[in-house]
Amino acid sequence: MEYIETGFFRHHLEVFLEFRSVLWESTLETLYMTFATVTMAYAIGLPLGMFLVCLGKGGLFPNRAVHAPLSFVINTTRSIPFLILLVALIPFSRLIVGSGIGNNAAIVALVVAAAPFIARMVETALNEVDVGVVDAAKSMGANNFQIMFKVLLPESIPSLIRGFSITTINIMSFSAMAGVIGAGGLGRLAIRYGINFWRYDIMLIIIIVIVIIVTIIQFLFNLLATKIDRRI
Amino acid sequence: MIELRNVSKIYTTGERALEDVTLTVEEGDIFGIVGKSGAGKSTMLKLMGLLEMPTTGEVVIFGENAGAYRGAKANAIKKNIGTVFQGFNLLMQRSVAGNIAFPLEITGKRRHEIKTRCEELAELVGLSDKLRAYPASLSGGQKQRVAIARALATNPKILLCDEPTSALDSFTAKEILRLIKDINAKLGMTTVIITHDIHVVKAVCNRMAVVDEAHIVEIGKTAEILANPQSAKTKELLNFDI
């Protein structure tokens, strides 16, 4: 152990200062991948979840013939381990972003993994809305569009925000695996120094950085969800 | 105002909720429909509110065979019907004002119109000081007042009440019934009340029907039925008191 002479904290502080620029760069890469994935995955997952609710049993326009296969595809995608999905999607990523490796290829795989997860979460959140409230809106002559955008979505916003925080953290955690296909970020940094060079000191610093980011995300969104929720 | 003509309702589950039911609610009535749970009274209200379609027979509202309408045509009729529910069914993420405004927003009313109407209605139900409060902070009686205000927002011609007092204590229940009676007198609104409690009917309804096992067993003026009940079911309901 190198830090026996210098002391634990001092050693890690020195390593942190030595590596701060590459740490910063990697943090930005992780945030970039996470942010880009969250945006695109929600662009797909949110409408998909809304659609599932409409098609589902007791939904606004129930249709088993469409709901069942859609549900099957979502379950299948969700059950593939991300590491395998990441590698399996290399040809697909090449088709979409022109390269099978790197940050953008990783984003493709992350979106494919996250969108079904988001769709399920949105579905659960919207289905939690009291049936009675939907009945009340129907009795007033609200059309399906109004029920979706004036009842289901606004009533489930606190739940959706909590889901958003979980999703973001999950995506960040998955993005750490993306180092396998040559994407950057804190994940690759940890793999490179921690596994290849046995530098546990750098690994520890990376873990602390990740924990800080996750805590901030969790704290902010939970605060927002609580502030916005009128039931409490 | 509302007519059920030989209406039967069989749900897709095979349950026969109503069989060959005929009844007329006249303009200005407070019409009570009383029966045990599972008797078919809730189905009757759903048919009147166009939330369900009859399997056979006609549901005539405002002289139109509205029971056969779907989509936008049904929605247009529904905007002239207000409904109050046992469980209040308020939007929890909207304030009292927001809840009362909801049906007005749906009909595309302008913002300043909505604001004035909300204030009017809040005063009518005695909640002027609660417009900015959220349902979670209200008592059961207050929640039902909001629900009544919301049901009246679009000036409907019909008010349907589904067990409006069942979730309330007896004191609050009386207040809510008094409010429903006042509204009927003040606005001349045709009102239908569904209840399992014949005392509710006794307190406010001028006409009534007793429902049992998917059939109407007795129908007529409340005073006459209560003074001289013909059906065994009516007698049973009358004699039941906790």
Side-chain angles (χ1 to χ4, degrees), chain A residues 46 50 53-65 67 122 124-164 221-232, chain B residues 12 42 45-46 48-52 66 69-96 98-108 132-138 146-147 150-154 156 158-162 167:
Chain A
L46 184 64
M50 286 156 61
V53 172
C54 294
L55 293 168
K57 210 176 150 198
L60 298 173
F61 38 89
N63 189 333
R64 246 191 82 80
H67 187 269
V122 169
T124 313
L126 298 190
N127 277 335
E128 270 168 21
V129 175
D130 183 7
V131 187
V133 179
V134 178
D135 275 349
K138 280 185 189 164
S139 80
M140 291 173 214
N143 58 37
N144 286 344
F145 184 82
Q146 289 166 327
I147 290 174
M148 179 53 76
F149 289 97
K150 280 181 165 293
V151 181
L152 291 176
L153 281 175
E155 286 291 296
S156 57
I157 274 184
S159 178
L160 289 172
I161 290 175
R162 288 194 186 93
F164 185 83
F221 283 103
N222 281 350
L223 189 74
L224 183 65
T226 314
K227 270 255 183 282
I228 232 169
D229 196 347
R230 303 301 186 175
R231 288 169 300 180
I232 33 181
Chain B
T12 43
S42 292
L45 203 79
K46 279 182 187 157
M48 291 177 182
L50 307 187
L51 290 174
E52 293 284 354
Y69 292 176
R70 286 168 183 276
K73 234 175 151 188
N75 283 347
I77 300 266
K78 284 186 201 169
K79 281 169 186 161
N80 285 304
I81 303 173
T83 311
V84 175
F85 302 87
Q86 176 174 5
F88 322 125
N89 296 355
L90 299 176
L91 295 145
M92 299 307 279
Q93 304 295 347
R94 277 183 178 230
S95 65
V96 168
N99 268 282
I100 302 176
F102 184 80
L104 298 167
E105 286 173 21
I106 286 196
T107 46
R132 303 182 70 163
Y134 285 85
S137 69
L138 302 179
V146 178
R150 179 177 70 174
L152 298 175
T154 53
I158 296 171
L159 180 65
L160 302 177
C161 306
D162 186 5

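The basis for the numbers below is simple: all heavy atoms, side chains too, and nothing from hydrogens, waters or symmetry mates. Here is the naming used below: chain letters follow the sequence lines, and residue numbers restart at 1 for every chain.
- Side-chain atoms of B:Arg150 and A:Met140, non-hydrogen and from C-beta on, do get closer than 4.5 Å to each other.
- Closest non-hydrogen pair, A:Val151 versus B:Phe102, comes out as CG2-CZ, 3.5 Å.
- Proximity to chain B (any heavy atom under 4.5 Å) is shown, for A:Glu155, by both the backbone and the side chain.
- Only the side chain of A:Asp130 comes within contact range of chain B, judged by heavy atoms closer than 4.5 Å.
- In this structure, chain A has no heavy atom under 4.5 Å from any part of B:Leu160.
- Using a 4.5 Å cut-off on side-chain heavy atoms (C-beta onward), B:Arg94 and A:Lys150 make contact.
- Most heavy-atom pairs under 4.5 Å with chain A: of the set B:Glu105, B:Lys78, B:Gln86, B:Lys46, this distinction falls to B:Lys78.
- With sequence neighbours excluded, the residues that form a side-chain contact (heavy atoms from CB on, under 4.5 Å) with B:Thr107 are B:Lys79, B:Lys109, B:Thr154.
- Enclosure of atom CZ in A:Phe145 is not indicated, since only 12 or fewer non-hydrogen atoms of other residues, nucleotides or ligands lie within 6.0 angstrom.
- Here the shortest heavy-atom pairing between B:Ile106 and A:Ala142 reads CD1-CB, 3.2 Å.
- Heavy atoms closer than 4.5 Å to chain A are found in both the backbone and the side chain of B:Leu91.
- Annotation: side chain of B:Leu51 is in contact with side chain of A:Ser139 (closest heavy-atom distance under 4.5 Å).
- Among residue pairs with one or both ends in residues 222-232 of chain A, those qualifying as side chain to side chain donor-acceptor pair (under 3.5 Å) are A:Asp229-A:Arg231, A:Asp229-B:Gln93, A:Arg230-B:Tyr134; sequence neighbours excluded.
- For A:Val131, no part sits under 4.5 Å from any heavy atom of chain B, backbone or side chain.
- Atom CG of residue B:Asn75 and atom CG of residue A:Asn144 lie 8.5 Å apart, to the nearest 0.5 angstrom.
- Within the 4.5 angstrom heavy-atom criterion, only backbone atoms of A:Ile228 (N, CA, C, O) approach chain B.
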